[in-house]
Amino acid sequence: MKHIYKEGKEGKPTLLLLHGTGGTENDLLPIGNFIDPDAGILSVRGDVLENGMPRFFRRLAEGVFDLEDLVKRTEDLNTFIGKAAEDYGFDRENVIAVGYSNGANIAASLMFHYENALKGAILHHPMVPIRDKELPPLKGTSVFIGAGTNDPICPMDEAKDLQSLLEGAGADVQIHWENFGHSLTQTEVQAAAAWYKNKY
Ligand code: MLT
């Protein structure tokens with residue numbers, strides 16, 4: 001997958017940056033740097049194109065996911081992270097995702113499918129990636145969800161359901177509410193950075 005890698009300081013996590021629909025691997029670099037300037041960075045471009053816009057998996061309509069494709073792309077991304085860890089020599093067990101919108105959804109899907117894919121995740125404006133699925137045990141996984149009370153793309157119930165599904169699997173989840181629709185605001189990023197500093 002097309003990506004940017006930056007080595008972190010010894011013992012620091014690697015931040016897996018996952019952009020929103022129509023984004024690129026450059027979009028979240030300033031946020032990754034703000035959250036932890038000493039962390040490693042693995043910023044990936046989604047390799048699905050929707051009318052020329054990069055995404056991490058196909059969708060049938062807005063908010064309606066192609067689940068077969070989601071499962072396959074989640075597996076591909078998990079394999080890619082493992083390969084990148086070998087190639088670049090970072091710790092595969094110390095990867096924290098930072099995703100926005102479609103990128104948050106594939107990050108959530110990684111946790112829904114694989115027990116040790118992520119040590120933690122910052123999910124900006126996520127949805128429940130797939131329903132009626134038994135989650136792997138997620139004890140020890142910490143998740144920050146940033147969501148909008150008036151987000152027309154990711155409604156409040158999606159964020160709340162995601163929180164309870166992750167908590168049901170043993171994850172420790174904190175949810176932060178904003179009221180700026182689907183936008184990723186500075187205050188939300190600051191809340192995520194404060195959460196991260198407290199955890200790692
Ligand atoms: C998705 O397709 O993952 C969500 O609808 C969010 C987005 O528009 O990317």
Side-chain angles (χ1 to χ4, degrees), residues 1-4 15-32 42-78 80-81 95-114 117-118 120-133 135 143-166 171 173 175-186 188-189 191-192:
M1 298 179 84
K2 200 165 166 24
H3 66 280
I4 292 170
L15 301 180
L16 171 71
L17 306 184
L18 302 164
H19 61 78
T21 300
T24 73
E25 65 280 16
N26 292 303
D27 293 10
L28 298 181
L29 293 175
I31 290 179
L42 179 65
S43 189
V44 186
R45 184 186 298 195
D47 51 13
V48 167
L49 285 182
E50 182 186 275
N51 302 321
M53 297 185 297
R55 287 176 53 83
F56 289 95
F57 56 89
R58 294 201 185 100
R59 62 180 166 183
L60 308 172
E62 191 170 292
V64 185
F65 302 150
D66 177 337
L67 295 179
E68 204 179 306
D69 191 63
L70 171 76
V71 171
K72 165 84 174 61
R73 304 279 175 185
T74 304
E75 185 186 351
D76 291 350
L77 180 58
N78 194 43
F80 173 78
I81 303 164
V95 175
I96 296 169
V98 180
Y100 169 59
S101 192
N102 183 245
N105 293 342
I106 192 93
S109 184
L110 279 171
M111 292 185 283
F112 272 44
H113 288 94
Y114 300 102
L118 299 175
I122 293 174
L123 307 176
H124 293 293
H125 300 262
M127 297 173 67
V128 175
I130 183 167
R131 289 187 183 263
D132 304 321
K133 183 180 181 319
L135 271 61
V143 182
F144 172 95
I145 297 177
T149 54
N150 56 350
D151 185 336
I153 297 171
C154 303
M156 274 180 94
D157 282 349
E158 288 286 327
K160 287 184 187 166
D161 287 356
L162 182 59
Q163 177 180 25
S164 52
L165 289 167
L166 290 168
V173 185
I175 194 156
H176 168 88
W177 294 102
E178 295 268 325
N179 60 351
F180 294 97
H182 197 57
S183 306
L184 179 48
T185 61
Q186 203 177 338
E188 185 173 317
V189 173

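In listed order, ligands and their atoms are each counted from 1.
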(message) Any nitrogen or oxygen of Arg55 lying under 3.5 Å from a nitrogen or oxygen in ligand 1? Just yes or no.
(response) yes

(request) Say whether Glu62, considering both its backbone and side-chain N or O atoms, lies within less than 3.5 Å of an N or O atom on ligand 1. (result) no

(message) For Asn105, which part has a heavy atom under 4.0 Å from ligand 1: side chain, backbone, both, or neither?
(response) side chain

(request) Check each atom of ligand 1 against the heavy atoms of Ser101 and keep those under 4.0 Å away; list them by number with element. (result) 6 (C), 7 (C), 8 (O), 9 (O)

(message) Show the atoms of ligand 1 that are less than 4.0 angstrom away from any heavy atom in Gly63.
(response) 5 (O)

(request) Look at the aromatic rings of His182 and Tyr100 and report parallel, tilted or perpendicular, splitting at 30° and 60°. (result) tilted

(request) Go through the structure and list residues passing side chain to side chain donor-acceptor pair (under 3.5 Å) with Asp69, not counting sequence neighbours. (result) Arg58, Arg73

(request) Report the C-alpha distance between Leu162 and Val143 in whole Å, list the side-chain angles of each, state the deciding distance to 0.1 Å, and finish with yes or no for side chain to side chain contact (heavy atoms under 4.5 Å, CB included). (result) CA-CA 10 Å; Leu162 182 59; Val143 182; over 6 Å; no

(message) Is it the case that atom NZ in Lys72 sees more than 12 heavy atoms from other parts of the structure closer than 6.0 Å?
(response) no

(message) Looking at ligand 1, would Gly20 count as a contact under a 4.0 Å heavy-atom criterion?
(response) no

(message) With a 4.0 Å cut-off on heavy atoms, is Phe56 in contact with ligand 1?
(response) no

(message) Starting from atom 8 (O) of ligand 1, what is the nearest protein heavy atom, named by residue and atom, and what distance separates them?
(response) Arg59 NH1, 3.1 Å

(message) Among all protein heavy atoms in this structure, tell me which lies nearest to atom 9 (O) of ligand 1, with the distance rounded to 0.1 Å.
(response) Thr21 OG1, 2.5 Å

(request) Might you work through the side chain to side chain contact (heavy atoms under 4.5 Å, CB included) test for Thr74 and Phe57, ending with a clear yes or no? (result) CA-CA 8 Å; Thr74 304; Phe57 56 89; over 6 Å; no

(message) Just verifying a value: how many Å separate Leu118 CG and Leu16 CG, rounded to the nearest 0.5 Å?
(response) 6.5 Å

(message) Does anything in residues 15-32 form a salt bridge (Lys or Arg N to Asp or Glu O under 4.0 Å)? List the pairs, not counting sequence neighbours.
(response) Lys2-Glu25, Glu25-Arg45

